[in-house]
Amino acid sequence: MNNISASAEWQALATHVKTLQETNLRALFDDDPGRGSALTMHAGDLYIDFSKHLVVPKTISLLADLARAAGVPEQRDAMMRGAHINTTEDRAVLHTALRASRTSALSVDGQNIIRDVHGTLDQMGTFTDAVRSGEFRGATGERITTVVNIGIGGSDLGPAMVCGALRSYADAGITAHFVSNVDPADLIATLDGLDAESTLFIVASKTFTTLETLSNARAARTWLLNKLGTDESAVAKHFVAVSTNAERVAEFGINTDNMFGFWDWVGGRYSVDSAIGLSVMLTIGKEQFAEFLAGFRIVDDHFRQAPLEQNAPVLLGMLGVLYTNFFGAESRAVLPYSNDLARFPAYLQQLTMESNGKSVRLDGEPVTTQTGEIFWGEPGTNGQHAFYQLLHQGTRLIPCDFIGFAEPNDDIDSGDGTGMHDLLMSNFFAQTQVLAFGKNADEIAAEGTPSHLVPHKVMPGNRPSTTILARNLTPSSVGQLIALYEHQVLVQGTVWGINPFDQWGVELGKTQAKQLLPAVTGEDPSAGAADSSTDGLLKQYRRWRGRA
Ligand SMILES: O=P(O)(O)OC[C@H]1O[C@](O)(CO)[C@@H](O)[C@@H]1O
């Protein structure tokens, strides 16, 4: 459906929301002692509690009706069977095929997708085994102990996030580093102190045309050859590529025997489970990488099979629609109570905002609703001492996703007999509780608070959150979490009638940067600039660089 906001289902939800605005979470929990369990579900190993949302059971059925009216089940099925749902690029969208089992079958546009996916996984596995066993060594015969992934966007954020998340599973003494920014500080800081003889660079770029990645890769190659004091022949022992573009890889000087491929039906931000995850596989091994993929598969199956009312990615996405379009929320905070998931909010920013940051529908008409939630966040408990004040007492409604784990991968006694992980998790549970239920003026006054301070201490509560709890942070649970959010993107994009799989909006800035470069270097001060603001800035820049 093109104009979803004109649908009867949208209108029904709008009417229903008025009744929700008359109640609050305290009352909803008081009225229904079974609410906590009624609004909680399992998706694979994820225990997902939606009960601290501003919803009643009827809201869930109205959200499911809206998803149905928008065609979410049809769009999900079309995606999974390889229809060209990325219409502006005329491409299939098949990240789900990247984790399909070897025995499944899927042919798309005449290509046996499953055979290709497992062919690449086998190639990655063989290379991974060779590096981890020491059979593949650097040019001087040293074992590879450091991997530097050079990539940006989807070719960086996914593997960087997952390598951090699975730090405890890195079992072969291989450390992964990530360089993305064209700011030279990134490469310089990363290479500082690295031993070239034991370092392997992975140049990861779907297109192999990305300015940042190619600049960093060329600079890294120069660094390597200078450090080793050898000729280009050393490159084959220290550089591999991950790309869909063999021609460009060869042009760059990387032997395509050292290239791991993927396909145009894998979007950059959906590619961590493709060869883009090579750095992950090198650090945790091919068996644990298989567990990671199996985790995705669990949630893919749930998304495919669960009724919409009990479908976790559908509900997660539809609750985002509810707050964005019916409560006027501007953003969602993602709060992992796991330091190893520190990069998860940044990863989600690309996944969700590059996907659904669109204002034109699939039919080319402007959208009639707000789209694209703004995701942001930091790990708990750090965020508590930074921005939670605004979450608790500020004027904005900011729904939160709390993510936590029961069993720590590492624990330390805090010194008084309590494990630090329990301290972390008591904060996790406390925050969702305090956001939901707050503390009213009577309760605060009853504690003996002086009356002039009471209004300052009132905690309004009624602030919604999802709590996602898993037993532990494993390759599988990380895969499950990623798939959960990948699918909520499709759900929301479908409701808003937009294409979550293109990203035309990032192109103009890239072109303009190229045009401005001669003005930046001073080669042609008039290049690219047409406005007095940019002209002035460029003049000041050149003056400070001695290029006036
Ligand atoms: O993998 P590539 O082709 O280098 O692209 C990197 C990133 O750049 C983007 O195209 C946006 O600039 C992302 O979608 C992508 O993940």
Side-chain angles (χ1 to χ4, degrees), residues 85-95 98 120 124 148-163 178-183 186-187 201-221 239-252 254 256 259-280 343-358 372 375 482 485-486 489-490 493 498-516:
I85 66 166
N86 176 357
T87 50
T88 63
E89 295 180 306
D90 191 19
R91 287 177 184 167
V93 176
L94 273 171
H95 42 277
L98 295 170
T120 301
M124 290 164 67
V148 179
N149 185 88
I150 299 178
I152 196 164
S155 300
D156 165 70
L157 288 161
M161 182 276 282
V162 175
C163 279
F178 293 85
V179 174
S180 54
N181 203 328
V182 77
D183 180 344
D186 196 2
L187 185 68
F201 292 94
I202 301 174
V203 186
S205 173
K206 180 176 170 181
T207 55
F208 231 77
T209 57
T210 305
L211 167 93
E212 291 87 341
T213 302
L214 295 187
S215 307
N216 276 317
R218 280 190 294 264
R221 184 172 55 190
F239 274 80
V240 298
V242 179
S243 186
T244 58
N245 193 340
E247 214 173 294
R248 291 289 189 129
V249 168
E251 255 171 55
F252 180 84
I254 296 179
T256 46
M259 170 181 157
F260 301 85
F262 61 116
W263 308 273
D264 72 356
W265 40 263
V266 182
R269 51 195 176 271
Y270 299 87
S271 67
V272 62
D273 46 341
S274 71
I276 288 291
L278 182 62
S279 53
V280 178
R343 297 288 284 157
F344 194 63
Y347 167 77
L348 275 192
Q349 283 176 335
Q350 189 203 13
L351 177 65
T352 61
M353 291 160 73
E354 197 172 71
S355 293
N356 282 336
K358 313 281 162 67
F375 281 78
I482 297 173
Y485 282 93
E486 280 180 349
V489 169
L490 177 90
I498 56 180
N499 178 3
F501 304 110
D502 62 14
Q503 57 284 320
W504 300 106
V506 298
E507 294 308 323
L508 181 58
K510 292 184 196 172
T511 315
Q512 186 62 11
K514 249 185 221 152
Q515 283 174 7
L516 284 178

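Each ligand, and each atom within it, is numbered from 1 in the order the structure gives.
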Inset, instruction - Look at atom CD of E507 and say whether more than 12 heavy atoms of other residues, nucleotides or ligands are closer to it than 6.0 Å. - result: yes
Inset, instruction - Report yes or no: does E212 have a heavy atom closer than 4.0 Å to ligand 1? - result: no
Legend entry - V506, any N or O under 3.5 Å of ligand 1 N or O: no
Inset, instruction - Could you find the nearest protein heavy atom to atom 14 (O) of ligand 1 and give me its residue, atom name and distance? - result: E354 OE1, 2.8 Å
Inset, instruction - Measure the spacing between OG1 of T213 and CZ of R218 and express it to the nearest 0.5 Å. - result: 10.5 Å
Legend entry - Whether E507 lies under 4.0 Å from ligand 1, heavy atom: no
Legend entry - Worked check of side chain to side chain donor-acceptor pair (under 3.5 Å) between S243 and R248: CA-CA 9 Å; S243 186; R248 291 289 189 129; over 6 Å; no
Inset, instruction - Looking only at protein heavy atoms, identify the closest one to atom 10 (O) of ligand 1 and say how far it is in Å. - result: K510 NZ, 3.8 Å
Legend entry - Pairwise distance CD1(I85) to CG(L94) - rounded to 0.5 angstrom: 8.5 Å
Inset, instruction - Starting at CE of M353, measure out to CG of L348 and round the result to the nearest 0.5 Å. - result: 10.5 Å
Inset, instruction - Find all atoms of ligand 1 within a distance of less than 4.0 Å from any non-hydrogen atom belonging to G153, and give their numbers and elements. - result: 16 (O)
Legend entry - Contact (N/O only, under 3.5 Å) between S205 and ligand 1: yes
Inset, instruction - Provide, to 0.1 Å, the distance between atom 16 (O) of ligand 1 and the closest protein heavy atom, together with that atom's residue and name. - result: G154 N, 2.7 Å
Legend entry - R343 atom CZ, neighbour heavy-atom count above 12 within 6.0 Å: no
Inset, instruction - Check ligand 1 against Q350 and write out every atom of the ligand that is under 4.0 Å from a heavy-atom position of the residue. - result: 13 (C), 14 (O), 15 (C), 16 (O)
Inset, instruction - Could you check whether the rings of F501 and Y270 sit parallel, tilted or perpendicular, using 30° and 60° as the cut-offs? - result: tilted
Legend entry - Minimum-distance protein heavy atom relative to atom 6 (C) of ligand 1: I152 O, 3.2 Å
Legend entry - Atoms in ligand 1 with a heavy atom of T210 nearer than 4.0 Å: 2 (P), 3 (O), 4 (O), 5 (O)
Inset, instruction - Could you tell me the residue and atom name of the protein heavy atom closest to atom 3 (O) of ligand 1, and the distance to it rounded to 0.1 Å? - result: T207 OG1, 2.6 Å
Inset, instruction - Please work out whether the ring planes of F375 and Y485 are parallel, tilted or perpendicular, with thresholds of 30° and 60°. - result: perpendicular
